[in-house]
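Structure record follows, encoded as structure tokens.
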Amino acid sequence: MTQQEWNRRSEWPLIVASLIFLAAYSAQVISNTESIVFEVIIWATWAVFVLDYAVNLYLAPQRGRWFVRNLHELAIVALPALRPLRLLRLVTLLRVMHRVGGNALRGRVLTYVLGAATLLIYAGALAVLDVEENAPGSNLASFGDALWWAMTTITTVGYGDHYPVTVMGRCVAAGLMIGGVAVLGVVTASVASWMVETVAEEAQAEIDAAEAPVHLELQRLSEQVQRLTALLEAADRGRTEPPATE
């Protein structure tokens, strides 16, 4: 089996594992309980990602090069003890969005942006709630507060009514800010590209409409010139031909 075939076959199982992990982790954080059932599910999904990483590394044609280029995959499987970093497993969900977006570049960009923004807000809210809900002096005690904080942070609004007080919570906030700036930058670039392309198409349509009569007139004059040229050539041949002798 090649690495490409393995990735094709394992793509959807990994997405299912990511969704199961997200459901279990969300229930664990929002309910603020340490249920053994949730822990078993979370560690079982982690084992799936470890298996996928090991198989990819084994099947890679150039293992050293693949290892260097996929350090984020190593982070997904090597840092399960840091609970907020477990959410790195959700990047698997973005792999399928390349197919959903179709062949159009703008379709891909829009799909990635919407998917990344949604996952970033939800994951950021879960991560900050996980480290803040039991911290002394925390003002992020519910998922609603965490979700509101994530939305104001990713959009760079930052009302200041909710904020993290722990070191890990501030690290989550920093990552969410950087991700928010990147997402907004992609949105701005996509909108600007769409506007420029739309204006260019409209301008080209107006130019084509204005030049259409000119092209028709030039074509008519060209046909007349060709006919006159043919008549003149025929007249010249008639004058130069010698008279017939009896």
Side-chain angles (χ1 to χ4, degrees), residues 14-15 17-35 38-39 41-43 45-46 49 70-95 97 109-192:
L14 287 176
I15 291 174
S18 299
L19 293 175
I20 294 174
F21 159 77
L22 180 61
Y25 186 73
S26 299
Q28 184 183 53
V29 173
I30 295 174
S31 64
N32 195 16
T33 59
E34 295 294 336
S35 172
F38 295 149
E39 285 295 327
I41 295 175
I42 290 173
W43 283 99
T45 58
W46 174 77
F49 283 95
N70 294 272
L71 291 176
H72 65 284
E73 298 283 351
L74 179 62
I76 292 173
V77 300
L79 299 172
L82 299 178
R83 288 178 53 162
L85 292 182
R86 293 176 180 179
L87 292 167
L88 288 173
R89 302 173 194 174
L90 298 181
V91 298
T92 307
L93 295 175
L94 296 177
R95 294 177 180 176
M97 294 182 183
V109 170
L110 182 61
T111 302
Y112 277 124
V113 168
L114 292 178
T118 303
L119 282 178
L120 197 57
I121 292 173
Y122 189 79
L126 280 180
V128 77
L129 182 63
D130 191 13
V131 297
E132 292 284 326
E133 58 185 347
N134 297 318
S138 173
N139 55 76
L140 291 167
S142 67
F143 182 69
D145 292 340
L147 192 62
W148 169 252
W149 169 84
M151 294 180 66
T152 58
T153 301
I154 197 175
T155 55
T156 68
V157 175
Y159 283 111
D161 51 349
H162 296 287
Y163 52 88
V165 297
T166 64
V167 175
M168 183 59 70
R170 291 172 180 173
C171 291
V172 172
L176 192 59
M177 293 174 194
I178 296 173
V181 171
V183 169
L184 290 177
V186 173
V187 171
T188 302
S190 300
V191 172

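Hydrogens, waters and symmetry mates are skipped; everything else that's a heavy atom, side chains included, is used. By convention here, the first residue in the shown sequence is residue 1.
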| note | Residues at least two apart in sequence or cross-chain that pass side-chain hydrogen bond (donor to acceptor under 3.5 Å, both in side chains) with Ser31, listed by chain then number, are Thr33
| Set of side-chain hydrogen bond (donor to acceptor under 3.5 Å, both in side chains) partners for Asn70, sequence neighbours left out | none
| remark: Heavy-atom closest pair (Gly124 atom, Ala150 atom, distance to 0.1 Å) is C-CB, 4.5 Å
| said: Minimum heavy-atom separation for Gly180 and Leu120, please, with both atom names. | reply: N-CD2, 3.9 Å
| Taking the side chain as C-beta and beyond, is there a heavy-atom pair between His162 and Thr152 under 4.5 Å? | no
| request: Check step by step if side chain to side chain contact (heavy atoms under 4.5 Å, CB included) holds for Thr153 and Ile121. | output: CA-CA 9 Å; Thr153 301; Ile121 292 173; over 6 Å; no
| task | Return the minimal non-hydrogen interatomic distance between Asn139 and Tyr163, and the atom names on each side. | result | OD1-N, 2.9 Å
| request: Starting at CZ of Phe143, measure out to CG of Leu129 and round the result to the nearest 0.5 Å. | output: 7.5 Å
| Exercise: identify the closest heavy-atom pair between Leu126 and Val29 | O-CG1, 3.7 Å
| query | Going through the distances and angles, do Asp130 and Met168 end up as a side chain to side chain contact (heavy atoms under 4.5 Å, CB included)? | reply | CA-CA 10 Å; Asp130 191 13; Met168 183 59 70; over 6 Å; no
| Under 30°, 30 to 60°, or over 60°: which ring-plane class applies to Tyr25 and Phe21, parallel, tilted or perpendicular? | parallel
| remark: What one should report as the nearest heavy-atom pair of Ala173 and Pro164 is CB-CG, 4.1 Å
| query | Is any side-chain heavy atom of Tyr122 less than 4.5 Å from a side-chain heavy atom of Ser26? | reply | yes
| note | Rounded to the nearest 0.5 angstrom, the CG-CG distance for Leu140 and Leu147 is 11.5 Å
| message | Less than 3.5 Å apart, any donor N or O on the side chain of Asn32 or Asn134 sitting next to an acceptor on the other? | response | yes
| query | Regarding Glu132 and Thr166, is there a side-chain donor-to-acceptor distance under 3.5 Å anywhere? | reply | yes
| said: On a heavy-atom basis, which atom in Glu133 and which in Ser138 lie closest, and how many Å separate them? | reply: N-OG, 4.5 Å
| query | How far does OG1 of Thr45 sit from CG of Leu19, to the nearest 0.5 angstrom? | reply | 11.0 Å
| message | Is there a side-chain contact between Ile20 and Ile41 in this structure, where contact means two heavy atoms from C-beta onward sitting under 4.5 Å apart? | response | yes
